[in-house]
Amino acid sequence: SNPFEVKVNRQKFDILGRKTKNDVGLPGVSRSKAIKKRNQTLLKEYKEREKTNVFKDKRFGEYNTKITPEEKMIRRFTLERQQNYGKKNIYNLNEDEELTHYGQSLAEIEKLNDIVDSDSDTEERGTLSAELTASHFGGGGGLLRKKVSSEQQDEEEEKPKSRKELIEEMIAKSKQEKQERQTRRESALELTEKLDKDWKEIQTLIARKAPKSERKDKEVEKPKPDEYDMIVRELGFEMKAKPSERLKTEEELAKEEQARLQKLEADRLRRMRGIDEEANKKRPSHMSADDLADGFILDKDDRRLLSYKDGKINIENEEGGEEEEEGGEEEEEEGVEEDNENDEESQEESASENEEDNAADSHSDLESDLESEEEAAGNKEEKKHKANESESQNMEKLEPEREAAKSELPYTFAVPESYETFKSLLAGRTIEQQLIILERIQKCNHPSLAVGNKAKLEKLFGFLLEYIGELATLDLPELRTIDKLVLPLYNLCQMFPEAASDSIKFILRDAAHDLEEVIEVKGRATFPGLDTLIYLKIISLLFPTSDFWHPVVTPAFMYMSQLLTKCRITTLQDVIKGLFICCLFLEYVCLSRRFVPELINFLLGILHISLPKNQAQGYTVVHPFTPVGKNLELLLVCDKEDLKSWEKQNVPLSIVTRLKETSKTEINHTRLSCLALCFDLIKKCAALYESLPSFHEIMHPVRILLTQHVPVNDYPEKMQEWYHSALKELENKVKHYTPLICEKKKPVPLKQYTPKIVKVLEFGRKQAGSKKEQERKQLIQRHKRELKGAIREIRKDNQYLARMQLSEIMERDSARKRKVKELLGSLATQEGEWKAMKRKKWKN
Amino acid sequence: QLPTGLYKKVLVILHDSVLPYMNEPTLMMDFLTVAYGIGGAISLLALNGLFILIHQHNLEYPDFYKKLYNLLDPSIYHVKYRARFFHLTDLFLSSSHLPAYLVAAFIKRLSRLALTAPPEALLMIIPFICNLFRRHPACRVLVHRPGGPADMSEDPYVMEEEEPSESRALESSLWEIQSLQNHYHPDVAKAAAVLNQSLSEMEDDISGLLELSAYELFDKEVKKKAVDVPLEFEQVRGLFGKKNDIFAEHFSLD
């Protein structure tokens with residue numbers, strides 16, 4: 001460009017590595033560009049500033065996005081037609097208007113229909129005739145050549161061919177060619193049709209599949225697959241099946257399992273110490289236990305099931321399934337009826353068996369008087385109980401029948417929407433059937449199958465919990481059933497930990513709330529029912545109880561602590577419930593070895609009420625036990641006979657709900673069992689807490705009570721064994737105290753005055769600060785730059801406008817000046833003329 | 001001379017509805033001293049009136065701290081008037097002129113008794129003890145004894161001694177609080193772990209903790225939102241199906 005227009009920004013110093021953008025500029029060019037742009041935009045606006053006319057787009061549906069373009073076209077067309085309908089041109093005799101297709105008149109297209117359409121031939125697609133290619137793509141070479149040849153022909157034929165003639169000739173040729181091709185195709189079609197006809201005739205004779213190549217050109221209607229074909233195909237598919245992974249050997253499996261457990265255990269330990277909770281949270285992929293549990297296996301199972309259904313091979317399977325689904329309801333009803341029948345039968349049978357059992361028991365009576373006493377005491381209860389047991393035995397005996405019943409259960413279940421429907425689903429079924437139903441519900445509604453299944457199954461967990469609670473509150477708690485139902489509960493919990501924890505927390509909150517209300521109203525509380533105890537036990541099965549903090553376990557701890565400190569102990573049932581909670585506490589802390597003061601207090605209290613009155617010396621019992629008052633000697637057994645005949649027995653949990661009908665001896669035996677349990681718990685506590693620095697202080701009251709007050713010699717031998725093992729565990733711990741020393745504080749470093757040195761990686765860019773800070777700075781800088789630019793632009797706009805206004809004013813003024821001058825001039829001439837006239841007059 | 005129920009009722013309202021309106025509050029002196037000597041809950045309640053007499057009416061009470069010391073028994077953490085009692089005890093022990101042996105004896109006794117306390121009381125008493133340490137730096141040997149004997153076979157502190165000066169509390173260490181660091185309640189364990197480090201200068205405010213109830217604690221825990229819920233990885237085999245299940249040994253499912 002013109003060197004006089006170039007402006008160079010000279011730099012004082014050359015700096016290596018610095019790139020400068022603005023060292024050379026073309027001010028004239030850029031200015032004229034800017035002015036031009038303003039002329040196009042700003043000036044227009046300025047000129048139209050007092051005009052209010054608006055451009056209106058009245059095309060039909062131009063901005064309506066809801067109508068498809070085609071529809072829009074049609075509507076517009078109809079509108080056009082409607083508008084033109086009235087205004088007929090009287091001179092137009094040809095009534096029908098021109099028909100168009102894509103804007104081209106059809107008449108013209110018809111005229112041009114003999115144009116060679118290379119795309120239309122389907123058979124020889126892509127192979128254009130040589131002439132055509134020559135004429136279309138040859139760039140006129142063909143024509144030129146033709147010309148040459150025609151020149152050669154010229155000598156033979158005197159008449160030279162013009163260019164037009166040549167083209168005509170070419171067109172005629174290609175037409176001919178095309179016709180030939182069409183006839184060929186038609187004949188081929190005829191031939192194939194004939195062949196097909198023949199084939200059909202033959203086909204009726206030989207019911208065999210034609211080879212593919214023959215059938216390819218025209219698909220005959222599909223023959224129905226017969227059995228042989230299907231078998232062949234099946235075999236073919238089977239051959240294609242991928243080789244499965246090598247089966248792992250037992251050792252490998254064991255090793256894997258061990259590795260998995262080790263990992264989980266390490267995880268648990270970390271949570272137990274509760275140190276790095278924060279770090280844990282930050283870790284993106286937390287290995288939770290549920291990753292490896294049953295949910296996955298279920299998933300796989302389902303997939304296989306699905307693929308089975310999808311495959312063409314298993315048509316029978318699918319049909320069968322459908323049939324079953326169709327007939328499912330009927331069959332279900334039948335099944336229920338049959339079940340009822342079965343139940344009735346089994347009840348009858350059980351009645352007969354019951355008698356047998358009684359007979360057998362009477363035999364055993366002879367063997368030991370102990371059992372006879374029991375028998376005499378709770379005969380009725382026993383009978384009911386036995387009936388129950390024998391029923392289950394019966395069920396076992398009726399194995400094949402049960403199998404049949406099982407097969408009659410419907411295969412698909414919807415997740416029940418309410419607790420009532422859930423209960424009715426399980427009502428009247430045996431444990432095994434209930435389990436199967438639950439399993440099927442889970443499988444049919446696996447979350448991977450449909451969207452809403454997750455919420456449904458989460459609800460199912462709540463229903464199951466409620467059901468378990470109901471079973472536990474029955475007059476005759478069905479603990480065996482609960483024992484089995486824990487398994488599906490565990491599986492569901494592994495699938496939906498959040499929902500499970502929420503529903504259990506809900507139950508806990510309810511229970512605690514009830515407890516608090518009772519305390520407020522009555523001033524003292526009573527132990528909750530068996531269902532709550534079972535829930536607490538289930539918590540220990542579903543969640544890791546050793547965590548430092550756990551959303552479910554920690555509230556459970558608090559609740560149990562309240563139970564042990566607030567609940568008054570008035571009956572033997574209370575003692576058993578209390579001991580059950582003690583067991584729970586011990587189980588909760590058996591891995592983490594955490595200290596539970598309430599546990600020791602309660603055990604001390606239990607020992608206290610097993611003693612005769614007025615012996616509280618050297619130790620103090622705390623709430624809920626009192627050194628004096630009612631409810632003492634609750635566990636005291638004085639009857640020598642009962643003491644002798646006692647044998648350690650497991651305490652049946654159902655005793656919690658009913659005790660009244662048992663004999664005094666039995667009660668005494670239960671008391672002794674409780675005492676033995678208490679001794680055992682003390683022993684376990686001692687083993688658990690021996691590492692605590694103040695172990696001896698903690699166990700001091702218990703030890704005093706055991707050594708000084710418990711009447712060991714009155715106890716039966718077995719009990720003495722329990723007692724001694726507990727005492728031994730208490731006494732043989734070494735007393736060992738080391739003075740405490742605080743952890744040393746980290747010394748605070750002195751302030752230093754050495755300069756901070758920062759590495760400079762790139763010049764001209766600010767380095768300090770983190771990445772975020774840098775980004776922020778960059779943004780601020782960019783904002784500043786943009787702001788400056790905008791201000792400059794606005795200023796220039798204003799200057800431009802001012803310039804325009806000035807030039808306008810100048811123009812206007814000059815025009816006015818000119819006009820005034822003209823007027824004055826004309827007036828002057830007029831005046832001059834007039835004066836001249838006057839002078840003439842005077843002269844004349 | 002009064003039935004116990006009435007006695008308690010009188011003592012509960014005495015300090016704020018009776019004493020301020022009496023011309024000669026000192027007349028109640030005998031009544032309160034007798035009540036203080038009875039022991040148990042009545043003594044705890046008499047403490048409040050007595051405090052007003054000592055504080056505003058110049059009552060000289062011999063062996064006041066000794067009696068207070070002997071009031072401490074395991075039940076103080078369980079009784080209804082716990083908040084009131086500890087509020088007063090905090091007042092009595094706030095003086096920085098108390099001898100170190102006395103404060104140490106109180107600390108030792110309180111923490112010994114804390115071994116039987118429920119979590120809501122523990123959450124209150126541990127900051128209480130920390131405050132005592134802050135007021136009486138001489139007692140810090142209880143948690144920090146660098147040059148002491150390496151091994152002891154016995155805790156030097158004598159729990160049964162009625163005289164605080166004879167209890168040898170200053171020779172002992174706070175093993176009880178160390179045991180409580182293993183408490184099952186996470187907050188208690190954290191609070192107890194504070195004593196491992198050197199204490200901050202500021203005193204904790206325990207007025208909010210005095211009235212803490214077990215239900216409030218439970219409610220707080222239940223309302224906490226968890227990010228994720230860890231699960232038990234051991235496969236369930238039944239209600240009592242765990243390894244070494246205590247229940248299977250002692251209970252049957254019948």
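Model, not experiment: these values are computed from the prediction. Just so we're on the same page: letters track the sequence lines, and every chain starts at 1.
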Nearest 0.5 Å, what's the CE-OG distance between B:Met159 and B:Ser167? 10.5 Å
Top of A:Ile600, A:Leu541, A:Leu542 for chain B proximity - count of heavy-atom pairs under 4.5 angstrom: A:Leu541
If you count heavy-atom pairs under 4.5 Å between each of B:Ala114, B:Ser75, B:Pro119 and chain A, which one has the most? B:Pro119
Between A:Tyr490 (side chain) and B:Glu234 (backbone), is there a donor-acceptor pair under 3.5 Å? yes
Based on non-hydrogen pairs under 4.5 Å, which of B:Lys220, B:Lys80, B:His78 is most in contact with chain A? B:His78
Which bit of A:Lys537 is near chain B, if near means a heavy-atom gap under 4.5 Å: side chain, backbone, both or neither? side chain
Considering only heavy atoms and a distance below 4.5 Å, find which of B:Leu195, B:Val236, B:Val188 pairs most often with chain A. B:Val236
Do B:Trp175 and A:Glu697 have side-chain N/O donor and acceptor atoms under 3.5 Å apart? no
Of the backbone (N, CA, C, O) and the side chain (C-beta and beyond), which part of A:Leu653 lies under 4.5 Å from a heavy atom of chain B, both, or neither? both
Chain B: which of A:Ala512, A:Ser561, A:Ala500 shares the most heavy-atom pairs with it under 4.5 Å? A:Ala512
Taking all non-hydrogen atoms of both residues into account, name the closest pair between A:Pro497 and B:Val229 and its distance. CB-O, 3.9 Å
With rounding to the nearest 0.5 Å, note down the distance linking SG in A:Cys678 to CG in A:Leu579. 6.0 Å
Determine whether B:Lys108 and B:Leu174 make a side-chain contact, defined as any pair of heavy atoms from C-beta on separated by less than 4.5 Å. yes
Who wins among A:Asn650, A:Val589, A:Leu508 for the most heavy-atom pairs under 4.5 Å with chain B? A:Asn650
The interface call for A:Glu587 against chain B, heavy-atom contacts under 4.5 Å, is both
So, the part of B:Phe247 with a heavy atom under 4.5 Å from chain A: the answer is side chain
Between A:Ser501 and chain B, which part of the residue has a heavy atom less than 4.5 Å away: side chain, backbone, both or neither? side chain
Spacing of B:Ile126 atom CD1 and B:Asn131 atom CG [to the nearest 0.5 Å]: 12.5 Å
Looking at B:His136 and B:Ala138, would you say the former's side chain and the latter's main chain have a donor-acceptor pair under 3.5 Å? no
Let me know if B:Ala189 has heavy atoms under 4.5 Å from chain A in its side chain, its backbone, both or neither. side chain
Find the one option among A:Lys484, A:Glu516, A:Arg509 whose heavy-atom pairs under 4.5 Å with chain B are most numerous. A:Glu516
Which of these, A:Pro652, A:Cys674, A:Ser673, sits in a side chain to side chain contact (heavy atoms under 4.5 Å, CB included) with A:Ile576? A:Cys674
So what's closer than 4.5 Å to chain B heavy atoms on A:Phe580: side chain, backbone, both or neither? both
Using modelled atom types and a 3.5 Å cut-off, is there a donor and acceptor pairing between side-chain atoms of B:Arg145 and backbone atoms of B:Ser172? yes
Contact leader toward chain B among A:Leu485, A:Leu584, A:Thr565, where contacts are heavy-atom pairs under 4.5 Å: A:Leu584
Check: B:Phe251 ring centre within less than 6.0 Å of B:Phe240 ring centre: no
As an exercise: rank B:His250, B:Glu160, B:His144 by heavy-atom pairs under 4.5 Å with chain A and give me the winner. B:His250
Centroid-centroid under 6.0 Å between A:Tyr588 and B:Tyr184 rings: no
Heavy-atom proximity to chain B below 4.5 Å, by part of A:Glu598: side chain
Please state whether the side chain, the backbone, both or neither of A:Ile538 comes within less than 4.5 Å of a heavy atom of chain B. side chain
By a 4.5 Å heavy-atom criterion (distance strictly below it), what part of A:Leu681 contacts chain B: side chain, backbone, both, or neither? side chain
So, the part of A:Asn601 with a heavy atom under 4.5 Å from chain B: the answer is side chain
Please classify the contact between A:His513 and chain B as side chain, backbone, both or neither, with a heavy-atom cut-off of under 4.5 Å. both
Chain B shares the most heavy-atom pairs under 4.5 Å, among A:Tyr559, A:Phe506, A:Tyr737, A:Phe595, with A:Tyr737
Within 45 degrees of the ring normal and closer than 6.0 Å to the centroid, is that where the cationic atom of B:Arg82 sits relative to B:Tyr77? no
Against chain B, label A:Asp502 side chain, backbone, both or neither, depending on which of its atoms sit under 4.5 Å from a heavy atom there. neither
Would you find a donor on one side and an acceptor on the other, under 3.5 Å apart, between the side chain of A:Arg594 and the backbone of B:His183? no
